[in-house]
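Only heavy atoms go into these numbers, but all of them, side chains included; no hydrogens, no water, no symmetry mates. In this text the structure is predicted, and so the values were computed from the model without any measurement. Letters go in sequence order (proteins before strands), and every chain restarts at 1.
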Amino acid sequence: MEAEAQAHWEATGAFRVTEDPTREKYYCLSMFPYPSGRLHIGHVRNYTIGDVISRFMRKQGRNVLQPMGWDAFGLPAENAAMDNGVPPAKWTYQNIEYMKGQLKSLGFAIDWSREVATCSPDYYRWNQWLFLRMLEKGIAYKKTGVVNWDPVDQTVLANEQVIDGRGWRTGAPVEKREIPMYYLRITEYAPDLLAALDRLPGWPERVRTMQANWIGRSEGVRIGFPYELDGERKLLNVFTTRADTVMGVTFCAVAAEHPLAARAAKDNPELAAFIEECKRGTAMEAELAVMEKKGMPTGLTVTHPLSGEAIPVWVGNYVLMTYGEGAVMGVPAHDERDFGFALKYGLPIRFVIAPAGGAPKEQQEGAPPVPLQEEAPATEWRPEFAEHGVCINSGKYDGLEYAAAVEAIAADLARLGLGEKQVQWRLHDWAISRQRYWGCPIPLIHCPTCGDVPVPDEDLPVLLPENLVPDGSGNPLAKEPSFYECLCPRCGGQARRETDTMDTFVDSSWYFMRFACPDNDQAMVDERANYWMPVDQYIGGIEHAILHLLYSRFWTRVMRDLGLVKVDEPFQNLLTQGMVLNDIYSRRMEDGRIQYFSPADVDVQLDDKGRRIATLRSDGEPVEWEGMRTMSKSKKNGVDPQELVERYGADSVRLFMMFKAPPEDSLEWSDDGVEGAARFMRRLWRMVYEHVSAGVAAKQVPDELTGEQREMRRVVHATLAKVTDDIGRRRVFNTAIAAVMELMNALAKFEDRTEAGRAVRQEALEIIVQALSPIVPHACHALWRALGHDDELMDRPWPKADPAALVKASIEVVVQVNGKLRGRVTVAADADEAQVREAALADPGVQKWVGDKVVRKVIVVKGKLVNVVV
RNA sequence: GCCGGUGUGGCGGAAUUGGUAGACGCAGCAGACUCAAAAUCUGCCAUGGGCAACCAUGUGUCGGUUCGACUCCGACCACCGGCACCA
């Protein structure tokens with residue numbers, strides 16, 4: 001049955017769309033998959049959500065584009081190549097072929113004529129082309145950056161290839177290394193990327209918050225601490241949001257990579273060793289944040305810009321070279337990190353802020369501000385130390401509160417030429433160089449005489465050879481003379497081609513525009529992009545909330561500024577779907593290692609306390625339940641969608657995914673649940689066939705109906721209204737399906753076999769089939785025909801609930817006494833407040849609780865509830 | 001560590017704008033049909049008390065606002081996602 005529907009759609013080219021300016025477009029996009037080999041259950045969820053929305057919008061009359069492509073560059077292809085010797089290109093193309101078949105078997109309404117793979121030269125040449133434009137405009141530039149270096153394999157490692165600070169293959173301690181890389185000046189767009197978040201009401205609040213925090217605008221003051229070294233007068237610049245605490249500075253700390261640290265280490269071997277230690281180990285923020293704060297004095301001092309005091313300079317492993325200028329001022333009394341640092345190394349702690357408004361609770365209100373502690377041997381951090389307050393021990397600034405103090409101090413520093421107010425961003429420029437093979441080549445040529453020379457446009461694309469097999473040590477491109485040997489386009493001399501490739505986030509930053517015009521070999525995008533863009537609905541995992549979405553917003557702005565497209569924002573509405581989880585079962589082996597078992601191989605029973613008793617089917621011995629987690633190969637808790645589709649059919653799998661949880665929540669896998677979905681499909685099927693096998697029913701419901709028939713019809717139209725709202729506005733599908741299930745339960749009890757009754761039933765079944773068609777399109781396609789129609793269900797406009805059918809004669813109102821439910825009364829639907837109130841007070845159940853007490857207040861909520869307060 | 005989220009029966013979830021907590025489904029139990037099984041259908045199913053009508057308790061914990069709180073506010077606990085080279 002499903003194959004037949006799919007063949008029909010294929011034969012009629014049902015999902016092919018063309019630009020039609022006379023019709024309102026709807027661009028529904030799901031994040032394209034990495035072609036890892038097989039479809040993951042998470043993909044199935046993602047694409048089912050997109051398909052439901054696409055098919056629903058199509059029935060709303062929109063010209064719907066739902067494309068699909070492949071995020072085809074990346075590390076897994078190189079890993080697979082190392083494992084089995086197959087070149088990444090071959091592996092990738094095979095995977096694409098297989099997964100495309102899987103997607104087709106799920107019946108998604110995808111326009112396959114627009115398929116794009118990022119590893120295809122037709123696609124990535126435009127990465128290269130735009131990169132060159134960015135280079136011309138100064139958006140792309142070169143500087144050094146830090147990478148994880150495996151000293152044994154002589155190769156750069158991705159973060160995920162670093163395990164506990166060691167290379168995943170060699171086990172060698174990883175080092176931080178500085179190498180030249182290309183960067184994109186995303187920071188130039190930071191103010192706009194931040195401000196425009198307010199103009200994205202179709203994005204989840206939390207994603208906008210995460211992006212805003214990531215961009216991290218903070219207002220503060222740059223403070224220069226003068227020093228003299230090697231006969232030169234210089235400034236050590238720090239950035240602080242707490243300039244009001246500047247009189248409490250007792251040290252400064254610089255990052256290990258800071259030039260001052262390097263200079264000081266020149267004649268201090270101990271310090272040089274410490275700096276080396278800092279450079280070893282991780283470059284990851286998460287690990288840096290939890291590691292022990294360490295430091296070492298440089299022996300150098302700088303001058304406090306306002307007090308003239310000599311301030312020692314330390315090297316601190318917690319200072320980030322990538323934020324501000326890689327140096328911070330240390331105010332131990334009012335910053336938790338500085339406090340810990342000072343305590344550890346015996347640095348003075350000077351309190352310069354007193355609580356505003358006479359704070360600590362034990363203090364009298366209105367009393368003059370009293371310092372928390374003064375140069376006291378504070379040994380324990382208290383969060384209130386970091387709160388804003390009033391300056392003390394700060395000379396002329398004493399008594400000023402936060403804003404005034406910052407203003408006064410910034411003004412004085414500006415007068416001295418030692419600082420100014422400044423806006424600092426947490427966001428830093430995007431490093432796109434990757435020392436890897438399976439990615440888009442960066443189109444540059446390094447010439448010994450001309451320097452870095454861009455590849456001329458007419459020589460694009462710089463083709464990535466597809467026959468290489470990485471071996472884990474270094475980038476194969478750098479060992480392939482046929483790739484890197486070239487002539488300088490400027491002087492014609494021998495030169496070397498850049499062997500770094502681009503971050504795969506580049507590929508995914510604009511693929512959604514290419515879907516509009518995938519066949520254009522003359523331009524990156526054309527007018528068709530202006531027809532389709534922006535994406536009306538984007539659907540993908542919450543894990544992409546920051547990086548992919550931010551890079552895409554940036555890339556779109558760059559393309560806009562180059563006049564390539566008109567939109568500012570790529571994605572109008574965003575739905576971040578939750579992850580798919582499954583049980584994890586494990587057992588600790590004798591050698592201490594943990595072995596994982598597939599939930600399919602485990603029998604589960606519940607004991608009398610509801611606890612889970614799990615045993616391995618093969619040996620009957622117990623296994624440990626570790627809870628529900630995201631599916632992963634290593635935990636052996638993945639579920640193969642293909643097997644499910646073969647066993648239960650695509651519709652059942654789609655129905656289960658949409659019914660089990662709201663799209664934004666995580667979804668817990670359950671085999672029983674799919675079974676239940678299949679059961680529902682059979683029930684629907686049977687219900688339609690039982691009806692039609694009894695003969696043709698009238699397609700028009702007669703005007704004269706019995707009370708029961710009218711009530712049945714009311715439920716049908718109320719359900720339709722709810723489903724329309726749930727899918728169209730609320731984007732929740734589980735409640736829409738639940739509503740249809742309720743309707744089917746009611747319809748099963750509706751046994752009226754009169755002509756009018758059968759007409760009501762016919763209408764009910766037609767509405768059910770249409771309402772479910774975006775979710776379970778195959779069965780609905782077939783059932784629509786069974787119900788006696790020969791038009792295309794997919795293109796039939798979405799049905800509208802009949803307002804006349806929704807009218808109710810009477811309604812039930814619940815009655816509370818002091819907020820507790822004590823009775824129910826049925827009143828006419830048009831009863832006024834006084835009538836409802838009277839009926840409520842007259843109810844015997846209510847009477848019992850009111851008794852002879854005085855009714856103090858009666859709250860009437862129209863059509864819902866009455867609360868009697870006694 | 002920082003940022004974001006989640007927490008409701010045995011389980012997944014529902015309650016859309018502060019107004020009946022537990023819709024719908026899964027699992028379970030009982031029954032119908034059957035020689036039997038499967039499939040299907042019907043009923044029961046938060047906890048405690050009660051023969052019952054009914055009563056009390058209950059949405060992670062503690063406190064607050066309100067006639068009324070799963071929903072709003074404050075503090076806390078647990079778990080999950082992201083943290084710039086996984087995609």
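You'll find the ring centres of A:Trp685 and A:Tyr689 inside the 6.0 Å limit. In summary, the aromatic rings of A:Tyr511 and A:Trp70 are positioned with their centroids too far apart to meet the 6.0 Å limit. Residues A:Tyr318 and A:Phe341 place their aromatic rings such that the two centres sit under 6.0 Å apart. Between A:Phe659 and A:Phe680, the distance from one ring center to the other does not fall under 6.0 angstrom.
A:Glu668 contributes no side-chain N or O that, together with a main-chain N or O of A:Leu581, makes up a donor-acceptor pair within less than 3.5 Å.
As a whole-Å value, the separation of A:His548 NE2 from B:rC83 C1' is 18 Å. Taking atom CG of residue A:Asn159 and atom P of nucleotide B:rC83, one finds them 9 Å apart after rounding to whole Å. Atom CZ of A:Phe341 and atom C1' of B:rG1 are 17 Å apart (whole Å). Atom P of nucleotide B:rG1 and atom CD of A:Glu336 are separated by 10 Å, given to the nearest angstrom. Atom pair A:Arg822:CZ and B:rC54:P shows a separation of 12 Å (rounding to whole Å applied). At whole-Å resolution of the value, NZ in A:Lys820 and C1' in B:rA56 are 7 Å apart.
Closest approach to the A:Ile546 side chain among B:rG82, B:rA84, B:rA14 is made by B:rG82 (side chain taken as heavy atoms from C-beta onward). Of the candidates B:rA87, B:rC80, B:rG19, the closest approach to any side-chain atom of A:Arg629 belongs to B:rC80. Set against B:rG81, B:rU40, B:rU16, the side chain of A:Arg686 has B:rU40 as its closest nucleotide. In this structure, of B:rC55, B:rC80, B:rG4, it is B:rC80 that holds the atom nearest to the side chain of A:Met579. The side chain of A:Leu75 has B:rC86 as its nearest neighbour among B:rC86, B:rC83, B:rC67. Proximity note for A:Arg434 (side chain, C-beta onward) versus B:rA87, B:rC85, B:rC41: the nearest is B:rC85. Picking from B:rC85, B:rG4, B:rC67 the nucleotide with the shortest atom distance to the side chain of A:Asn213 gives B:rG4. Across B:rU40, B:rC86, B:rA87, the shortest atom-to-atom separation from the side chain of A:Leu547 is found for B:rA87. Nearest nucleotide to the A:Pro662 side chain, out of B:rA14, B:rC55, B:rC26: B:rA14. Side chain of A:Arg683, nearest nucleotide from B:rU20, B:rC41, B:rA84: B:rC41.
Between the side chains of A:Trp168 and A:Asp150, no donor N or O sits under 3.5 Å from an acceptor N or O.
In terms of polar N and O atoms assigned as donor or acceptor, the side chain of A:Arg729 comes within less than 3.5 Å of the base of B:rU16 in a complementary pairing. Checked by distance alone, A:Asp672 brings no side-chain donor or acceptor within 3.5 Å of a matching partner on the base of B:rC26. With hydrogens and angles ignored, a donor-acceptor pair under 3.5 angstrom links the side chain of A:Arg824 to the base of B:rU20. Counting atom types as modelled, A:Lys722 pairs a side-chain N or O with a base atom of B:rU16 as donor and acceptor under 3.5 Å. Interface remark: the A:Gln435 side chain does form a donor-acceptor pair with the B:rC85 base, using a distance-only criterion of under 3.5 Å.
Other residues, nucleotides and ligands contribute more than 12 heavy atoms inside 6.0 Å of the CD atom of A:Glu178. Counting non-hydrogen atoms of other residues, nucleotides and ligands closer than 6.0 Å to CG of A:Asp83 gives a total above 12. More than 12 heavy atoms of other shown residues, nucleotides or ligands fall within 6.0 angstrom of atom CZ in A:Arg822. Taking a 6.0 Å sphere around NZ of A:Lys864, one finds it holds 12 or fewer heavy atoms contributed by other residues, nucleotides or ligands. No more than 12 heavy-atom neighbours from other residues, nucleotides or ligands sit within 6.0 angstrom of NZ on A:Lys294.
Nucleic acid contact class of A:Val814 (heavy atoms, under 4.0 Å, all strands): base. Using a 4.0 Å heavy-atom criterion, one finds that A:Val147 contacts the bases of the nucleic acid, with or without backbone contacts as well. Among the atoms of the strands shown, base atoms are found under 4.0 Å from some heavy atom of A:Ser433. Note on A:Glu812: nothing from the nucleic acid sits closer than 4.0 angstrom, heavy atoms only. Counting any heavy atom pair closer than 4.0 Å across all strands shown, A:Phe505 reaches a base atom. No contact: A:Val868 has no heavy atom under 4.0 Å from any strand. Residue contacts shown for A:Thr504 are limited to sugar-phosphate atoms, with no base heavy atom under 4.0 Å away. A:Glu543 comes within 4.0 angstrom of a base, heavy atoms only. Nucleic acid contact class of A:Arg208 (heavy atoms, under 4.0 Å, all strands): none.
Using atom P as the reference point in both B:rU34 and B:rA23, the two lie 33 Å apart (nearest Å). Comparing the same atom, C1', in B:rA53 and in B:rG63 gives a spacing of 37 Å after rounding to whole Å. Spacing of C1' atoms, B:rC85 relative to B:rG13, comes out at 39 Å, to the nearest Å. B:rG81 and B:rG10 have their P atoms separated by 26 Å, with the value rounded to a whole Å. Straight-line distance between the C1' atoms of B:rU71 and B:rA32: roughly 43 Å, to the nearest whole Å. Only the P atoms considered, B:rG60 is 13 Å distant from B:rC11, to the nearest whole Å. Taking the C1' atoms as reference points, B:rU57 lies 13 Å from B:rA21, given to the whole Å.
Each of A:Phe73 and A:Asn867 was matched to the nucleotide of RNA chain B holding its nearest heavy atom; the match closer to the 5' end belongs to A:Asn867. Mapped onto RNA chain B by nearest heavy atom, A:Trp849 and A:Arg206 fall at different nucleotides, with A:Arg206 at the one closer to the 5' end.
A stem is defined here as three or more consecutive Watson-Crick or G-U pairs, each with both distances under 3.5 Å; for RNA chain B these stems are B:1-7 with B:77-83, B:10-12 with B:24-26, B:28-32 with B:40-44, B:46-49 with B:54-57, B:60-64 with B:72-76.
With respect to the salt-bridge test (charged N to carboxylate O, under 4.0 angstrom), the residues A:Glu292 and A:Lys344 qualify.
The glycosidic torsion of B:rG9 lies within 90° of 0, which places this base in the syn conformation.
Both thresholds, 5.5 Å between centres and 30° between ring planes, are met by A:His428 relative to the base of B:rA84, so the two rings are stacked.
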Each nucleotide N or O in nucleotides 22-24 of chain B that has a protein N or O under 3.5 Å away: list the pair and distance.
from	atom 1	to	atom 2	distance (Å)
B:rA23	O2'	A:Glu742	OE1	3.1
B:rA23	O2'	A:Glu742	OE2	3.1

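The shortest heavy-atom contact between A:Phe73 and A:Thr118 is CE1-O, 3.3 Å.
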